[in-house]
Amino acid sequence: MELITVSKKTEKHNPELAAIFHQMASCYRYLGAKHRFRVMAYDSANRTINNLKNDISEYAGKNDGLHELKGIGESIGEKIIEYLHTGKINTFDQLKKKVPLGLLELMDINGLGPATVKTLHRRLHINNKEELIAAIEAGKLENLKGFASKKVENIKRGLKLFKQAHSRMLLWDAQRTGEDILQQVLQLPGIKKAALAGSLRRKKETIGDIDIVATADKKDWKKIVTRFASLPQTDRVLAKGDTRAAIVLKGSGTQVDLRLVQAHEYGAALLYFTGSKEHNIALRALARAQGYKLNEYGVFDAVTDRKLPGTTEEEIYRLFDLQFIPPELREAGREIETARKKHIPGLLQLKDMKGDLHLHSTWSDGADEIETIARYICKEFPAYEYIVITDHSPSERVAHGLQPADFTDLFREIERINKKLGKNLVKKGAEVDILANGSLDLPNELLQHLDWVVASIHSGFKKDNTERLLKACANKYVNCIGHPWGRLINRRDGYDVDWNKLFEILNKTGTAIEINAQPDRLDLPDYLVKEAVAAGVMIAIGTDAHALTQFDFMQLGVSVARRGWCEKANILNTHSWKRMEQFRKIKLQWGNSDKL
Ligand SMILES: [Zn+2]
Ligand SMILES: [Zn+2]
C-alpha cells in the first residue's frame with residue numbers, strides 16, 4: 001500500500017470518511033444478504049475511524065499505519081488512500097447509482113430496516129424522508145400488507161427522534177467541534193480572550209448551536225469577523241455584521257456564532273450568552289430588586305445609568321452578593337437562592353476520579369487486550385488507582401459474552417497483568433444481564449469471586465422495568481445498576497421506571513447507580529442524579545469504554561454529575577479501593593432479598 005504525505009495538519013478527514021463508510025454499509029445492507037460480509041467490514045471501519053485519536057491521514061502517512069487499525073484490511077485501506085488523494089471513493093459513487101441517497105437516510109431511522117425501506121420504495125415509491133412523512137400523513141402505510149398500526153407507530157417515533165438528532169447534537173460532538181473552532185478563533189489576529197458560551201458551556205446533554213464570546217479592540221472587529229467567516233470549516237455564512245458572525249460548518253451543518261465585545265463588557269456578555277435564558281431572567285429580576293440593571297453590556301445603576309465596575313462573571317455575581325454559580329448549575333432551579341445563602345457546593349472535578357468502574361476488553365466486545373488497556377491507563381490516567389474489567393455475560397451473544405467457565409482464565413490473566421505492573425490496578429468484574437424475570441445470567445457461585453458487579457438491562461425496552469431492577473438490587477453480589485434508564489439519546493427513549501421506588505431500594509440495599517458516560521447514553525441523566533443523591537444513593541461513574549479513546553468520556557460523566565449538583569463525596573469512584581470494598585462489604589452483611 002502506498003504512503004501518503006500529510007500535507008495540512010489541521011485538516012480533519014475522520015468525520016466525513018466515517019460517514020461515507022457508514023453509508024456504504026447501508027448500501028450493501030439494502031442490496032441484500034449476499035453482501036453481509038461487506039456490511040460488517042464497513043460498519044467496523046466506520047466505528048474504528050470514529051474512535052481514532054488522530055486524523056486518519058496521520059496513520060496513512062506511516063508504514064503499515066492503516067493495517068494496524070482494527071477492521072482496516074487491504075481493500076478498505078486502499079479506499080482510504082483513494083479518499084485522501086482525491087476526496088472521494090469510486091466504489092461509493094457506483095453504489096450511489098444503485099441505491100438512492102434518500103433511501104440510505106431512511107435506513108438510519110430507528111424502526112426502518114432495509115426490508116421495510118425496500119417495501120416502501122417499491123410499493124409506495126417513497127424515495128426519502130419527506131415522502132415518507134407525506135405517506136404517513138395520508139394514511140397510506142396502514143393499507144400496506146405487513147404494516148400493523150404498531151409498526152407504523154414505531155416508524156413515527158423513529159422519525160421524531162431522527163428529527164431531534166439532526167437539530168441537536170450530542171454534547172461530546174459539540175465539545176470537540178467547539179474546542180476546535182475556539183482554538184482557531186483564539187489565533188485570529190487581534191483576539192484577546194475567547195470562550196465557549198451557551199448550552200455547551202453549561203454541558204447540556206444535547207447542543208443546538210455553538211456560541212463563542214470574544215474580546216478585541218474595536219478597530220480589529222471588522223477584520224476578525226471577515227477572517228472568522230472564511231475559516232476552512234465554513235460551509236456557508238449566515239450572518240456577518242459589525243459585532244458578530246454566524247457560520248454553518250461543513251459536514252455536520254452545525255451553526256457557530258461569534259460575538260465580539262469590548263474587554264470591559266466581557267463578563268456581562270459571557271454571563272448573558274451562557275444562559276440559561278431562565279437563569280438570566282431570574283438574575284435580572286434580582287438586579288432590579290437591588291436597584292441595578294443587568295444586560296449583556298454590564299451592570300448599571302438603575303437611576304443614573306452609571307456602569308458599575310465588574311469585568312468578570314465572578315465580579316458581577318459578587319455585586320449582587322451572590323456566590324459564583326458554575327455554568328452547569330445555571331438552569332433557574334434553586335441555584336440563585338442557594339448562592340445567596342452561600343451554599344453552592346464544591347462540585348465534583350475530573351481530577352477527583354480515582355478509577356473507572358465499567359469497561360470492556362477483547363474478552364467480550366472491546367477493541368483492546370486487558371494488558372494494553374492497563375498500560376494505557378497507567379500512562380494517560382496516572383491518578384487512577386483501579387479499573388474494573390466488566391466484560392459481558394453469556395446472554396450477550398453479539399457481544400461475545402463470557403461463559404462461567406471462561407472466568408478462571410480471565411482471573412489468571414488479570415493476576416498476571418497486575419503482577420507485571422507491580423500494582424493491583426486491574427479488578428475483576430462483570431456486566432451481568434438482568435433477564436426478563438429479574439434474575440441474572442451468571443450464578444452467585446461465580447459472582448461471589450468478583451470484585452465488582454454491574455447489572456444491566458439489555459433487552460425489553462418497551463415495558464416498565466422497575467420490578468426487574470428491584471430484583472437485581474436484591475442480589476447481594478450486585479454492586480451497581482448499569483445504564484439504568486436504557487435510553488440512547490436521539491435514538492431510543494428510556495423505559496418506564498418508578499424512580500422513587502428504585503432509589504429507595506438502592507439506598508436500602510447499599511447498591512450504587514451508574515452514570516454511564518457514553519456520549520449517547522449519559523444515563524442516569526442529570527435531573528435523576530440529583531434525585532438519587534437526595535435519596536441517599538451512591539453514584540458510580542463508568543465510561544463503558546470499548547476502545548482506548550473512550551476513557552476520555554469520563555469528563556462527560558463528571559459533567560452530568562456536576563449538573564446533578566454532585567460533590568466528590570457523592571461519587572463512589574472518587575474513593576480509594578479500600579472504601580469501595582467497605583461499600584461492598586456492607587451489602588454482603590445486609591444479606592439478600594428476603595429482607596426487602
Ligand atoms: Zn451495557
Ligand atoms: Zn458495558
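The analysis underlying the following values was restricted to heavy atoms, covering all of them including side chains, and did not include hydrogens, waters or symmetry mates.
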Checklist line | Between Thr511 and Lys587: side-chain donor-acceptor atoms closer than 3.5 Å | finding: yes

For residues 374-381, dump all side-chain donor-acceptor pairs below 3.5 Å to protein atoms at least two apart in sequence or in another chain.
| unit_1 | atom_1 | unit_2 | atom_2 | d |
| --- | --- | --- | --- | --- |
| Arg375 | NH2 | Glu371 | OE2 | 3.3 |
| Tyr376 | OH | Lys53 | NZ | 3.1 |

Item checked: Glu153/Lys156 salt bridge by N-O under 4.0 Å criterion -> yes

Next item on the list: Say whether Asp520 and Asn490, considering side chains only, have a donor N or O and an acceptor N or O under 3.5 Å apart.
Entry: no

Donor-acceptor pairs under 3.5 angstrom involving side-chain atoms of residues 346-358: please list them, not counting sequence neighbours.
| unit_1 | atom_1 | unit_2 | atom_2 | d |
| --- | --- | --- | --- | --- |
| Asp352 | OD2 | Gln349 | N | 2.8 |
| Lys354 | NZ | Thr574 | O | 3.2 |
| Asp356 | OD1 | His358 | N | 3.3 |
| Asp356 | OD1 | Thr543 | N | 3.1 |
| Asp356 | OD2 | Thr543 | OG1 | 2.7 |
| His358 | ND1 | Glu514 | OE2 | 2.7 |
| His358 | NE2 | His360 | NE2 | 3.3 |
| His358 | NE2 | Glu431 | OE1 | 3.1 |
| His358 | NE2 | Asp544 | OD1 | 2.9 |

Notebook entry, point to check: Side-chain donor-acceptor pair under 3.5 Å between His400 and Asp365, yes or no?
Noted result: no

Next item on the list: Decide yes or no for Tyr477 and Leu440: does some side-chain heavy atom of the first lie under 4.5 Å from some side-chain heavy atom of the second?
Entry: no

Note to self: With a 3.5 Å distance limit and no angle check, can you tell me whether Thr206 reaches the backbone of Met169 through a side-chain donor-acceptor pair?
What the structure shows: no

Margin query: Regarding Glu68 and Tyr59, do their side chains bring together a donor and an acceptor under 3.5 Å, going by distance alone?
Written below: no

Check: Could you state the interatomic distance from CD1 (Ile457) to NE2 (His483), rounded to the nearest 0.5 Å?
Finding: 9.0 Å

Next item on the list: Please state whether the rings of His458 and His392 are parallel, tilted or perpendicular, taking 30° and 60° as the class boundaries.
Entry: perpendicular

Note to self: So Asp391 and Ile389, do their side chains get closer than 4.5 Å, heavy atoms only?
What the structure shows: yes

Next item on the list: Show the numbers, then the answer: is there a side chain to side chain donor-acceptor pair (under 3.5 Å) between Asn51 and His546?
Entry: CA-CA 10 Å; Asn51 283 328; His546 286 69; over 6 Å; no

Check: Any side-chain donor paired with an acceptor under 3.5 Å for Thr466 and Asp498?
Finding: no

Notebook entry, point to check: Where do Asp464 and Val497 come nearest, in terms of heavy atoms and distance?
Noted result: OD1-CA, 4.4 Å

Check: Do Asn50 and Arg47 have side-chain atoms, one donor and one acceptor, less than 3.5 Å apart?
Finding: no

